[in-house]
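Contents: one structure, followed by commentary.
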Amino acid sequence: MHSSLTCAMCGTDHAVDQLQNLCTECEKPLLAHYDLDSIKSTFTPDVVRKRTIRSMWKFWDVLPVNDPSEAVSLGEGLTPLLTCNRTGPFEAFENLFIKDESFNPTGSFKARGMSAAVTRAKALGVETVALPSAGNAAGAVTYYSARAGMGCAIFMPEDTPPANIIESVVGNANVNLVNGLISDCGKLVKQGKDRFSWFDLSTLKEPFRIEGKKTMGYELAFDFADHAGTTDLQLPDVILYPTGGGTGLIGMWKAFDEMEKLGWIGSERPRMVVVQAEGCSPIVKAFEAGEEHAPLFKNAATCAAGLRVPIAVGDFLMIRALHESGGTAISISDEALMEGVKEMSACQGVYACPEGGAVWKAAQQLLESGWIKPEEKVVLFNTGTGLKYNHLFSVDGLPVIDHNDPTCLDRLS
């Protein structure tokens, strides 16, 4: 169990046994901290490997529970790290990998964060949660709150992918479509939370979604040890992450720090890469301008719903991770990222979400520029299944074969 909650900006401590959103002093994110020294002898890589828990809760010692039985879980985490085939446009990479988060419940990495956040909310007596979502978070919060026996109110832009809307409606969430962006949805959650007694689960506006997401960082260290055939934990050279609210990137950076303090790894870190869409790239612009905070990105528009986040409360944490890791930030056009989806599907057998297509095209550009070396170990995060985005593709014009025609297969020869 976490031993403290501290503001990431001003350092103010907050009570761990009460519901918390942003820092009461500066309205910035709170981060959970653990007494790592006290668990060093009982929480080791060998202990984790021997556990039979088939979810991210194998790492429960650094998650918000006293015992794994307290977790609200649907089997999230432990997603595969796939070695990319060196074929077609992928041939130039000698050590390219895909961490495929589409294997999570509800089909995306959002399951990790919601499992941890709902677990803690339930422990503190929350009856109804609420959040804005442009896509996958909506499905995840719907099903984790249902699992916990809690109510759920969701505010989604009206042009959110239909699959995300449908899965939330089917899961009996209180779904509200809004004629605006996710930032407009967030304003409605803020206005309604006290009136309707909701607990706000917005990205980085509560401390525990990041705790679930950080397990991706822990898993990578084990994945690469297994790949190398050793028990020594290892990290890749470069991690490319599709970035909207940025909780996953911030969470992994936190995980690496925790693992070093536990004595599991040294001080070396992967170079972190923020990948955004050209039509919504506030972090890229702020990083390029040498700024610590990213202002609202006006008229945000992209087909990659998870990247359409025009302002992020954790902007400074993302930018810090980029600077500390020697990383960078890059934006990709919608045309290119959709091409990336098709290339990952055809060459790797992974039907990636558009956000996953974006990180692949970013890696390709960074290799061509020399920023990534061909021999480096590079991880692409596919954060969700492409099945949520079937509406972006068309099968109009496909011929229909008349099976009664004895010559119907002649055109295939």
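No hydrogens or angles considered: nothing links the side chains of Thr119 and Trp57 as a donor-acceptor pair under 3.5 Å. Looking only at atom types and distance, the side chain of Ser69 has a donor-acceptor partner in the side chain of Asp67 under 3.5 Å away. Residues Ser73 and Glu76 have side chains that bring a donor and an acceptor to within less than 3.5 angstrom of each other. In this model, a donor atom of one side chain and an acceptor atom of the other lie less than 3.5 Å apart for Asn390 and Tyr351.
Between Phe59 and Ile53, the closest side-chain pair of non-hydrogen atoms is not below 4.5 Å. For the pair Glu324/Met272, no side-chain contact is recorded, criterion being any heavy-atom separation below 4.5 Å from C-beta on. The shortest side-chain heavy-atom distance between Phe393 and Val341 falls under the 4.5 Å cut-off. Using a 4.5 Å heavy-atom threshold, the side chains of Leu307 and Ser281 count as separate. Using a 4.5 Å cut-off on side-chain heavy atoms (C-beta onward), Met344 and Phe90 make contact. A 4.5 Å side-chain heavy-atom check between Ile250 and Leu204 finds at least one atom pair inside the cut-off. Residues Thr87 and Cys347 meet the side-chain proximity criterion, which asks for heavy atoms closer than 4.5 Å. A 4.5 Å side-chain heavy-atom check between Leu5 and Leu31 finds every atom pair outside the cut-off.
In this structure, Arg271 is positioned above the aromatic face of Trp371, its NZ or CZ under 6.0 Å from the six-membered ring centre and within 45° of the axis.
A distance-only check finds a donor-acceptor pair linking the side chain of Asp200 to the backbone of Ser202 [under 3.5 Å]. Under a 3.5 Å cut-off, the side chain of Ser115 and the backbone N or O of Ala111 do not form any donor-acceptor pair. Between the side chain of Thr160 and the backbone N or O of Met156 there is no donor-acceptor pair closer than 3.5 Å. A donor-acceptor contact shorter than 3.5 Å links the side chain of Ser3 to the backbone of His33. Panel note: side chain Lys285, backbone Cys280; no donor-acceptor pair is recorded below 3.5 Å. Looking only at distances, no side-chain donor or acceptor of Glu355 sits under 3.5 Å from a matching main-chain atom of Gly384. Checked by atom type and distance alone, the side chain of Gln20 never pairs as donor or acceptor with a backbone atom of His14 at under 3.5 Å. Judged by distance alone, the side chain of Lys99 and the main-chain N or O of Thr79 form a donor-acceptor pair under 3.5 Å. Judged purely by atom type and a 3.5 angstrom limit, Glu278 has no side-chain atom pairing as donor or acceptor with the backbone of Ile332. With hydrogens and angles disregarded, a donor-acceptor distance shorter than 3.5 Å links the side chain of Ser133 to the backbone of Ala138.
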**Pair Glu167-Lys388, salt bridge (Lys or Arg N to Asp or Glu O under 4.0 Å): steps then yes or no** = CA-CA 10 Å; Glu167 66 181 337; Lys388 301 279 186 82; 3.1 Å; yes
**Request:** Kindly indicate, with the supporting measurements, whether the criterion side chain to side chain donor-acceptor pair (under 3.5 Å) is fulfilled by Asp223 and Tyr218.
**Result:** CA-CA 9 Å; Asp223 289 339; Tyr218 278 90; over 6 Å; no
**Request:** With salt bridge (Lys or Arg N to Asp or Glu O under 4.0 Å) as the test, would you mind laying out the steps for Lys214 and Asp257 before giving the verdict?
**Result:** CA-CA 11 Å; Lys214 79 179 181 187; Asp257 181 62; over 6 Å; no
**Prompt:** Can you check salt bridge (Lys or Arg N to Asp or Glu O under 4.0 Å) on Arg120 and Glu206, steps first, answer last?
**Reply:** CA-CA 10 Å; Arg120 189 59 184 151; Glu206 61 78 50; over 6 Å; no
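Below 30°, between 30° and 60°, or above 60°: for Trp253 and Phe256 the angle between ring planes is above 60°, a perpendicular geometry. Between Phe224 and Phe97, the ring-plane angle classifies as perpendicular under the 30° and 60° cut-offs.
Annotation: Arg49, atom CZ; neighbour count of heavy atoms from other residues, nucleotides and ligands within 6.0 Å is above 12. At most 12 non-hydrogen atoms from other residues, nucleotides or ligands lie less than 6.0 angstrom from CD of Glu127.
Centroid-to-centroid, the aromatic rings of Phe43 and Trp264 come within less than 6.0 Å. Taking the centre of each ring, Trp60 and Tyr34 stay at or above the 6.0 Å mark. Checked against a 6.0 Å centroid threshold, the rings of Phe381 and Trp360 do not count as neighbours.
Here CD of Glu343 is found 11.5 Å from CG of Leu337. Values are rounded to the nearest 0.5 Å. Interatomic distance, CZ of Phe222 versus NZ of Lys58, reported as 8.0 Å (0.5 Å rounding). Taking CG from Leu233 and CG from Leu220, the interatomic distance works out to 11.0 Å, rounded to the nearest 0.5 Å. Taking OG1 from Thr243 and CG from Leu240, the interatomic distance works out to 9.5 Å, rounded to the nearest 0.5 Å. Between the CG atom in Asp100 and the CG atom in Leu82 there is a gap of 5.5 Å [rounded to 0.5 Å]. Atom-to-atom distance recorded for Cys84:SG and Glu94:CD is 13.5 Å, nearest 0.5 angstrom.
Salt-bridge check for Asp61 with Lys40: failed, with every basic side-chain N at 4.0 Å or more from each acidic carboxylate O. With respect to Lys361 and Glu339, a salt bridge is recorded, a charged nitrogen being found less than 4.0 Å from a carboxylate O. Between Arg269 and Asp237 there is no salt bridge, since none of the side-chain N atoms of the basic residue sits less than 4.0 Å from a carboxylate O of the acidic one. Contact check on Glu211 versus Lys254 returns a salt bridge, with a Lys/Arg side-chain nitrogen under 4.0 Å from an Asp/Glu carboxylate oxygen. For the pair Glu101 and Arg112, the salt-bridge criterion is met [side-chain N within less than 4.0 Å of a carboxylate O]. Between Arg320 and Glu292 there is a salt bridge, since a side-chain N of the basic residue sits under 4.0 Å from a carboxylate O of the acidic one.
Here the rule is side-chain contact (heavy atoms from CB on, under 4.5 Å) with Lys213, and of Lys110, Met114, Met252 only Lys110 fits it.
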